[in-house]
Amino acid sequence: MKPFYRGRRLRKNAAIRSMMKETQLMPQDFVLPVFVVEGEGIKKEISSLPGQYHYSVDMLGDIAEQMQQAGILGCILFGIPDHKDSCGSEACKEDGVVQQAIRKLRELSPELYIIGDVCMCEYTSHGHCGILNVRGEVLNDETLPHLAEIAVSYAEAGVDMVAPSDMMDGHIAAIRTALDESGFEQVAIMGYSAKYASAYYGPFREAAHSAPSFGDRKSYQMNPANGKEALREMQADVEEGADMLMVKPALAYLDVLKEGTQQFNLPMAAYNVSGEYAMLKMAVQQGLMSESVIPETLTAIKRAGAKMIISYFALEAGQKLKQGEWV
Ligand code: PBG
Ligand code: ZN
């Protein structure tokens, strides 16, 4: 018989398997999404995201400490204001929830890398990611100055990076210009470059009270059927001055992520979104799959090329990796 490929030789025992492992998760791969609400003394579990909490600013010490213990170096903040209006005016207030949270976290953990999600849907009464005209259409160019103003207000509060998730055209350029003109040329921008109109955002919208009150987001977020279009979006973000690119959601779009890492030299992030988290959490809780499905899934995101994984699993991942449980 002709000799054949014997792949099993390099899988024979734990030692060789460990030596041959191509992708190793590390705590510093992860960024934790944090939801901040108004009020005091609040740490309330989010029903759509088991194990995730709404925090009021005064309670952020709890999450700062957990990140520190788990070796998680960065977080991305989402604000949930009490008051919404048609143009999301709370989003850029100096004492808005996110701006306060940035200052508080900076004080609690000077080394923490703080990212601010820039969008309007949590702040608008209609729940869309921009300004509307009378027909209920999301206006692109009219939205840009609002986004820029939000980004500058985060920068004034001391954010390290802003991540606009609104999917307006030209938003990276608008934000870059505004930051630079205000003296914040050191604040980085991560483009939510290929952000798809996805049902996987369901649990987040419940958590952030940001579901659109009418219609959907298909006129600004991408069609899940499209891969080449994602490359055009990434190209635009590169040209407009983004420091990092992102693909979102992660799991159903690993092909897009991989293609992006091959075509562009900027570091890529993947957002392992709320629905992806909730699905696995529930499946493990119900005994349908063993817990190892979590590191398996997160490893796949890294294997596809993500330099940064934004995930609700961040704390759990950091802890397990530090304890040597996910090897
Ligand atoms: C808002 C925003 C969304 C997410 C991040 N920023 C929801 C949306 O676009 O409707 C989703 C995150 C997640 O599902 O975890 N622009
Ligand atoms: Zn939005």
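Whatever order the structure lists ligands and atoms in, that order sets their numbers, starting from 1.
- The F78 neighbourhood of ligand 1 comprises atoms 5 (C), 6 (N), with distances under 4.0 Å to a heavy atom of that residue.
- Ring geometry, H54 versus F35: the interplanar angle exceeds 60°, so the pair is classed perpendicular (tilted spans 30 to 60°).
- Comment: E296 does not engage R303 in a salt bridge, judged by the lack of any side-chain N to carboxylate O separation of less than 4.0 angstrom.
- Listed by atom number, the atoms of ligand 1 under 4.0 Å from Y271 heavy atoms are 12 (C), 15 (O).
- Proximity of E276 to ligand 1 is not established, as no heavy-atom distance is less than 4.0 Å.
- At least one cation-pi condition fails for K320 and F313: the charged atom is not both under 6.0 angstrom from the six-membered ring centre and inside a 45 degree cone around its axis.
- Among all non-hydrogen protein atoms, the one lying nearest atom 6 (N) of ligand 1 is K248 NZ, 3.4 Å.
- Contact between S210 and ligand 1 is absent, with no heavy atom of the residue lying under 4.0 Å from the ligand.
- Side chains of Q99 and S153: a donor on one and an acceptor on the other come within 3.5 Å.
- Counting all heavy atoms, side chain and backbone alike, G79 lies closest to Y123 at CA-OH, 3.6 Å.
- The shortest heavy-atom contact between F214 and H128 is O-NE2, 2.9 Å.
- Ranking protein heavy atoms by distance to atom 1 (C) of ligand 1, first place goes to C121 SG, 3.3 Å.
- Not close to ligand 1: M167, with no non-hydrogen atom less than 4.0 angstrom away.
- At the Zn ion (ligand 2), the vertex angle linking SG of C119 with SG of C121 is 120° (nearest 10 degrees).
- Under the 4.0 Å criterion applied to side-chain N and carboxylate O atoms, D166 and R217 are not assigned as salt-bridge partners.
- By the 6.0 Å contact criterion, CD on Q262 is enclosed, its count of non-hydrogen atoms from other residues, nucleotides or ligands being greater than 12.
- The N/O atoms of D166, backbone and side chain alike, include none that comes under 3.5 Å of an N/O atom in ligand 1.
- K84 has no carboxylate O lying under 4.0 Å from a charged side-chain N of E122, or vice versa, which leaves the two without a salt bridge.
- Put simply, part of Y312 is less than 4.0 Å from ligand 1, judged by heavy atoms.
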Counting only pairs under 3.5 Å, give me each side-chain donor-acceptor contact of residues 4-19, with atom names and distances, residues two or more places apart or in other chains.
unit_1, atom_1, unit_2, atom_2, d
N13, OD1, A15, N, 3.3
N13, OD1, I16, N, 3.0
R17, NH1, R11, O, 2.8

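- Remark: minimum distance from atom 2 (C) of ligand 1 to any protein heavy atom is reached at K195 NZ, 3.4 Å.
- At least one N/O/S atom of C129, whether from backbone or side chain, sits less than 2.8 Å from the Zn ion (ligand 2).
- For ligand 1, the atoms closer than 4.0 angstrom to any heavy atom of C119 are 16 (N).
- Residue Q221 has at least one nitrogen or oxygen atom sitting less than 3.5 Å from a nitrogen or oxygen atom of ligand 1, judged on distance alone.
- The shortest contact between atom 10 (O) of ligand 1 and any protein heavy atom is with R205 NE, 2.5 Å.
- For ligand 1, the polar-atom distance check against R217 finds a nitrogen or oxygen pair separated by under 3.5 Å.
- In this structure, the protein non-hydrogen atom closest to atom 14 (O) of ligand 1 is S274 OG, 2.7 Å.
- Checked against a 3.5 angstrom limit, the closest N/O atoms of S165 and ligand 1 fall inside it.
- Remark: Q186 CD is loosely packed, at most 12 non-hydrogen atoms of other residues, nucleotides or ligands lying under 6.0 Å away.
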